[in-house]
Amino acid sequence: MKAPRHFISLDDLSPDELRRVLDRALHLKAARARGEQVLTLQNRVLGMIFEKASTRTRVSFEAGMAQLGGHAIFLSPRDTQLGRGEPIADSARVLSRMVDIIMIRAHHHADLVEFAAHSRVPVINALTDLNHPCQLLADMLTYEEHRGSIAGKTVAWVGDGFNMCHSYIQAARVFGFRLNVATPAGYGPDPAIVAEADGQVMLTHDPRVACRDADLVVTDVWTSMGQEDETERRRRDFAGYCVNEELMALARPDALFMHCLPAHRGEEVDAAVIDGPWSVVWDEAENRLHTQKALLEFLLGVLD
Ligand code: CP
Ligand code: NVA
């Protein structure tokens, strides 16, 4: 049996393949705007395993499958045997004999990797503690739609050096942009991921240094899912890392602002920024739908 293609990190697709997925996403977006049906995934079933909460990821995958003529099944550990201790490998063997493709939002990246190793069908990373590659497909498409190619541009990451930051570091290498990462001491990204970035990444503790002349400023929550007991400490440690109008004034005049959402106004971003002229967060959220439809088509071999 041929080994399935997975999407566990951006590196699982070549730059050419990522380009095809983004181009197809634009095509699917335009077709939907014209009211045209695209039924490329009829009779295909997506299994969706969510160990953590989700609004955008769940709805974009489920709506995307329905729009392409397929079906999606929401699987929560609360009501499957996975949550009662059935081994990950066994669950992967069984589910992948029943559905055509699987997406997983997992606490531990290693669990996703183990699942994929035992799956007969493609597995998509829908966020782990390590990275969030699906979000980057949407973010890259959103930048291109508003400003053209991101290659050679400067992106500022302000906040926690966690899963979203890791995916931005990987994207810097794959899409060819410079990345300035500003985190408080003790919240920097994984050095192994930084080391793979071929010198595209600059680390600082000063958000002003990161944002100076940036074409795009990006942030994320200070307390990610699973870190709730650290909320108070994080609020103290991240004081000064709120993306506000003063920081955006240091960026280029045509700079954009992105946030994967959910957002906390007054914490990691001021309302004046996320609801202001720089912000493209609603387009960014919508593009989760179009990019993941294209990704599903690609992994299922429908996109030649
Ligand atoms: N950005 C994102 O993944 O949102 P959800 O947690 O709502 O899926
Ligand atoms: N860093 C956030 C991203 C949510 C989409 C989290 O892991 O909760």
Side-chain angles (χ1 to χ4, degrees), residues 7-10 25 46-65 72 74-77 102-112 124-143 157-171 181-184 186-190 193 216-231 233-235 237-238 241-243 257-265 267-269 274 279-293 295-296:
F7 187 62
I8 292 172
S9 80
L10 285 173
L46 167 71
M48 305 193 301
I49 300 173
F50 280 98
E51 290 184 353
K52 310 190 204 188
S54 167
T55 297
R56 280 143 289 271
T57 305
R58 176 175 177 183
V59 175
S60 53
F61 270 112
E62 194 163 335
M65 282 303 287
F74 175 74
L75 298 160
S76 150
I102 295 168
M103 59 116 287
I104 309 181
R105 171 164 285 193
H107 287 290
H108 307 295
H109 191 78
D111 291 347
L112 170 72
I124 297 172
N125 177 352
L127 181 141
T128 67
D129 54 348
L130 190 76
N131 56 7
H132 193 7
C134 288
Q135 184 68 50
L136 263 292
L137 296 180
D139 288 19
M140 295 298 97
L141 187 71
T142 307
Y143 189 88
W157 174 270
V158 178
D160 197 7
F162 192 50
N163 45 15
M164 274 299 302
C165 180
H166 291 156
S167 279
Y168 260 91
I169 293 172
Q170 291 172 331
V181 174
T183 67
Y187 293 95
D190 182 339
I193 293 181
L216 168 64
V217 177
V218 192
T219 190
D220 184 15
V221 293
W222 291 343
T223 301
S224 284
M225 289 180 278
Q227 300 170 338
E228 287 77 4
D229 53 351
E230 300 172 17
T231 303
R233 174 162 62 78
R234 284 172 170 271
R235 278 206 187 108
D237 292 348
F238 283 85
Y241 286 79
C242 176
V243 178
F257 171 78
M258 290 192 203
H259 188 313
C260 63
L261 306 177
H264 301 79
R265 288 168 178 77
E267 287 195 17
E268 75 273 7
V269 60
I274 193 168
S279 177
V280 289
V281 298
W282 314 122
D283 291 339
E284 181 188 6
E286 178 188 333
N287 282 336
R288 294 291 305 278
L289 173 71
H290 310 299
T291 49
Q292 288 160 199
K293 284 165 74 176
L295 178 69
L296 289 162

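Remember, it's 1-based here, ligands and their atoms both numbered in the order they're listed. Worth knowing before you read on, the calculation uses all heavy atoms, side chains too, and leaves out hydrogens, waters and symmetry mates. As the structure is a prediction and not an experimental result, all values here were calculated from the model.
Looking only at atom types and distance, the side chain of Glu268 has no donor-acceptor partner in the side chain of Thr219 under 3.5 Å away. Asn125 and Asn131 share a donor-acceptor pair across their side chains, judged by distance under 3.5 Å alone. Side chain to side chain, Gln170 and His166 fail the donor-acceptor criterion of an N or O pair below 3.5 Å.
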Below 3.5 Å only, please: the N or O atoms of ligand 2 paired with protein N or O atoms, distance on each line.
unit_1, atom_1, unit_2, atom_2, d
ligand 2, 1 (N), Asn163, OD1, 2.9
ligand 2, 1 (N), Asp220, OD2, 2.6
ligand 2, 1 (N), Ser224, OG, 2.7
ligand 2, 7 (O), Asn163, ND2, 2.8
ligand 2, 7 (O), Ser224, OG, 3.4
ligand 2, 8 (O), Met225, N, 2.8

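By the side chain to side chain contact (heavy atoms under 4.5 Å, CB included) test, Thr223 pairs with Gln227, Thr231, Arg234, sequence neighbours left out. Listed by chain and residue number, Leu46, Met48, Glu62, Met65 satisfy the side chain to side chain contact (heavy atoms under 4.5 Å, CB included) test with Ala72 (two or more places apart in sequence, or in another chain).
Looking at Arg56, its side chain never comes within 3.5 Å of a backbone N or O of Ala285 through a donor-acceptor pair. Using modelled atom types, no side-chain atom of Glu284 and backbone atom of Asp139 make a donor-acceptor pair closer than 3.5 Å.
A cation-pi arrangement is present between Arg58 and Phe74, with the terminal nitrogen or guanidinium carbon under 6.0 Å from the aromatic centre and inside a 45° cone about the axis.
Taking the six-membered ring where the residue is Trp, Phe238 and Trp222 present parallel rings, their angle staying beneath 30° rather than reaching 60°.
Using a 4.0 Å heavy-atom criterion, the residues that approach ligand 1 are Ser54, Thr55, Arg56, Thr57, Arg105, His132, Gln135, Cys260, Leu261, Arg288.
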